[in-house]
There are 2 protein chains.
Amino acid sequence: MTGIAPEFDIGARLLAMRRAARLSQRQLAERAGVPHAQISVIETNRSSPSISTLRKILTGLNLTMADFFDGERAAPEGPFFGRDDLIDLTSKVPVSGAQDMEGRITFRQIGDARRNNLQMLHEVYEAGADTGETRLEHFSNEGGYVIEGALEVTVGEDVRVLCPGESYLFDSRIPHRFRNVHDGRTVVVSACTPPYL
Amino acid sequence: MTGIAPEFDIGARLLAMRRAARLSQRQLAERAGVPHAQISVIETNRSSPSISTLRKILTGLNLTMADFFDGERAAPEGPFFGRDDLIDLTSKVPVSGAQDMEGRITFRQIGDARRNNLQMLHEVYEAGADTGETRLEHFSNEGGYVIEGALEVTVGEDVRVLCPGESYLFDSRIPHRFRNVHDGRTVVVSACTPPYL
DNA sequence: TGCGCCTGTCAAATATTTTGAGCACCCCAG
DNA sequence: CTGGGGTGCTCAAAATATTTGACAGGCGCA
C-alpha cells in the first residue's frame, strides 16, 4: 500500500503554498533544511511525509500544522448556512504581498468546497487592500460579483474597475490581481472550481 | 537523527485524545485500522508517524488533522492580550458527556500555554452545563476562581458549590467534575500546569 | 551555439516507519 | 491458584520514506 491520503491533497496543498511564497523547490528545501528531492516527491504525492518532515518543510514556509490542515476542518453540513457557518480562510490564502495586507482582506468559505468541487467565498477588502499580482497556477475557473465598494480587477492585460452589480469570470491560470480602489471596504461574492484550497 | 518534533508533543497529544475518548491502544488501533503497536510507538514518541498513518488514527478518534494540531496554532505574542486574542479551545476539550454539552461550555486560552508551561483559561458554562466526571489523567495541578454564577465542583469525594469570589486548587489526577448550578451562565478563570492540551 | 544557472524529476543507497507476533503485567472470577 | 481477558511494550522482518547525486529541459546571454 502506498499510503496516500485521498481526501486532502497534501501534495497540491504544499505546491500551492510554496508557489504562493514564490519559492522554488530548492529554495524551500534549503530554508526547511531538507533535501530538495523531498519537496518534489511530496508535492507529487509519491510519499506521505512523516509529521516531523512536514513540520520542517512548513517551517520554511512560516506555516504551522494547524494552518496547513485548516482546510480539512469539518465544514458545516448544509445545504443552508448561517452567518456564522462560513469558514474563515483568511490565514490560508497566500496573498502575495502578504507583508502589508495582514488583516486587510478577509475570505470566508461557504460549506465544504472540496466535497462539492465548488468553492464559494465571501470576500471583504478593506480600504487599500491589494492582492498583488497573483500568479497562482490553479487550473480553475473563477468568477465574482461585486456587492459593495469598487474593485479593480486585472486579468492578464485586461484591467477594469468593477462597481456593485458588476462581475467577472475567467480562467485562473491567467495572472490576476484584485485591488480595492474604494475609500471604504469592498465586498465580493466569488466562486472557483475546482477549489483552490 | 530520530526525527522527533520537540515543540509539539505528538505522542502526549495522541495519548490525551485517546484517553479522553476512553479507548485502549488496541481499541483505537482497531477502529483506525492500524496495528496496535503503532499506537504505542507513536504515543511514546519513538516514531514520527506519516501523515497518512496519523490521519487513519485520527479517524478512529473522529478528529481531523486541523483539530489535532489546533494547539500548535500560532498564539499571540503577549505579554498582553486583548479580548480577541484569547484562543478558543472549546472544540478540543474532550468533555466526557460531550453529547449534550455542545456549545454549552466555552474555553478560551490566554497566550501560548505550551511555551509558558502554564495554561490559563477563561471558561464559560451556560445554564445546566456539566463536564461529567472527568477522569482525565493529566499530571497537572489546576486552580480556578469563580467570577460569576455558581459552580459545583467535585474533586474525588469532595463536593462544593463555589460562588463568585470563591476558588479551587487541586491535583488534576483526582477525578473531577464541574457543573453549573446557576440558572444563568457561570464564568471561571482557571489555570493548569503543565498545560493539558 | 554554448555556457551558466535555474527549474523539477529520477534512481539507488540508507534510514525510518509499519507490521504482526509475542512478552510481562494486572485484575477478576472460578 | 489458575485461566481468561484486559492493559501497554518489545522485537525483527517487510514496507515506506528520506537522502544523495545525477539528469533533462528551459531561459538568458555572450
Side-chain angles (χ1 to χ4, degrees), chain A residues 1-6 8-61 65 68-69 96 135-139 173 175, chain B residues 1-6 8-61 65 68 135-139 173 175:
Chain A
M1 190 200 305
T2 328
I4 301 299
F8 190 78
D9 188 340
I10 305 265
R13 172 97 191 181
L14 178 57
L15 175 63
M17 294 287 105
R18 179 172 62 80
R19 287 275 166 77
R22 300 241 198 284
L23 292 172
S24 70
Q25 291 183 344
R26 282 179 154 84
Q27 288 174 319
L28 173 55
E30 189 184 10
R31 283 192 182 208
V34 302
H36 57 273
Q38 185 88 296
I39 311 290
S40 172
V41 175
I42 293 172
E43 282 185 349
T44 50
N45 281 328
R46 276 173 296 131
S47 91
S48 179
S50 71
I51 298 296
S52 56
T53 297
L54 182 59
R55 209 200 302 268
K56 276 194 284 185
I57 295 175
L58 258 36
T59 301
L61 287 169
M65 288 280 172
F68 190 78
F69 286 106
S96 57
R135 194 177 275 283
L136 300 174
E137 297 175 11
H138 35 145
F139 287 75
R173 284 172 295 185
Chain B
M1 193 203 301
T2 327
I4 301 298
F8 189 77
D9 190 337
I10 304 266
R13 172 99 179 153
L14 178 57
L15 174 62
M17 294 287 103
R18 179 172 64 79
R19 287 276 167 77
R22 301 245 199 287
L23 293 172
S24 70
Q25 292 183 343
R26 283 178 153 85
Q27 288 174 319
L28 174 55
E30 189 184 12
R31 283 194 185 208
V34 303
H36 57 273
Q38 187 85 291
I39 311 290
S40 171
V41 175
I42 294 172
E43 283 185 349
T44 50
N45 282 327
R46 276 172 296 128
S47 89
S48 179
S50 72
I51 298 295
S52 55
T53 296
L54 183 59
R55 210 199 301 268
K56 277 195 283 184
I57 295 174
L58 259 34
T59 301
L61 288 169
M65 287 280 173
F68 190 79
R135 194 177 275 283
L136 301 173
E137 297 175 13
H138 36 145
F139 288 74
R173 284 170 294 184

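Just so it is clear: chains get the letters A, B, ... in the order the sequence lines come, proteins before strands, and each one is counted from 1. Values in this document were obtained by computation on a predicted structure and should not be read as measured data.
- Rounded to whole Å, the distance from CD1 on A/Ile42 to P on C/dG8 is 14 Å.
- Side-chain contact, A/Arg26 with A/Ser24: no donor N or O sits under 3.5 Å from an acceptor N or O.
- Contacts of A/Ser40 with the nucleic acid, taken as non-hydrogen atoms under 4.0 Å apart, include base atoms.
- Each of A/Glu43 and B/Pro35 was matched to the nucleotide of DNA chain C holding its nearest heavy atom; the match closer to the 5' end belongs to A/Glu43.
- In this structure, CD1 on A/Ile10 lies 8.5 Å from OG on B/Ser52, to the nearest 0.5 angstrom.
- The side chain of B/Lys56 lies closest to C/dT19 when the candidates are C/dT18, C/dT19, C/dC10.
- At least one side-chain nitrogen or oxygen of B/Gln38 sits closer than 4.0 Å to the OP1 or OP2 atom of C/dT19.
- A donor-acceptor pair is defined here as one N or O able to donate and one able to accept, closer than 3.5 Å; no such pair exists between the side chain of B/Arg55 and the backbone of B/Met65.
- Atom-to-atom, CG of A/Leu23 to P of C/dG8 comes out at 10 Å; the value is rounded to the nearest Å.
- Contact annotation: side chain of B/Arg26 to base of D/dG8, donor-acceptor pair present below 3.5 Å.
- Residue B/Arg18 places at least one side-chain N or O under 4.0 Å from the OP1 or OP2 atom of D/dG8.
- Regarding contacts with the backbone of D/dC9, every side-chain N or O of B/Thr44 stays at 4.0 angstrom or more from both OP1 and OP2.
- In terms of phosphate contacts, B/Arg46 brings a side-chain nitrogen or oxygen within less than 4.0 Å of OP1 or OP2 of D/dT10.
- Side-chain proximity of B/Ala37 to C/dG20, C/dT18, D/dA17: nearest is C/dG20.
- Rounding to whole angstrom units, CD1 of residue A/Ile57 and P of D/dA17 are separated by 13 Å.
- At whole-Å resolution of the value, CD1 in A/Ile39 and P in C/dC6 are 17 Å apart.
- Panel note: side chain B/Thr59, backbone B/Ala32; no donor-acceptor pair is recorded below 3.5 Å.
- A close approach under 4.0 Å does occur between a side-chain nitrogen or oxygen of B/Ser24 and OP1 or OP2 of D/dT7.
- The CZ-P distance, from B/Arg19 to D/dT7, rounds to 11 Å in whole Å.
- Between A/Leu54 atom CG and D/dT18 atom P there is a gap of 10 Å when expressed in whole angstrom units.
- Judged by distance alone, the side chain of A/Arg18 and the main-chain N or O of A/Leu28 form no donor-acceptor pair under 3.5 Å.
- Nearest nucleotide to the A/Val34 side chain, out of D/dT19, C/dT19, D/dT18: D/dT19.
- B/Thr53 contributes no side-chain N or O that, together with a main-chain N or O of B/Pro49, makes up a donor-acceptor pair within less than 3.5 Å.
- Proximity of B/Thr53 to the phosphate of C/dT18: a side-chain N or O atom is located under 4.0 Å from OP1 or OP2.
- Going from atom CG of B/Asn45 over to atom P of C/dT17 covers 11 Å, rounded to whole Å.
- The interatomic distance linking A/Ile51 (CD1) with C/dT17 (C1') rounds to 12 Å, in whole Å.
- Which of C/dT17, D/dG8, D/dA17 sits closest to the side chain of B/Gln25 comes down to D/dG8.
- Listed nucleotides D/dA22, C/dA11, D/dA17 differ in distance to A/His36; the shortest reach to its side chain belongs to D/dA22.
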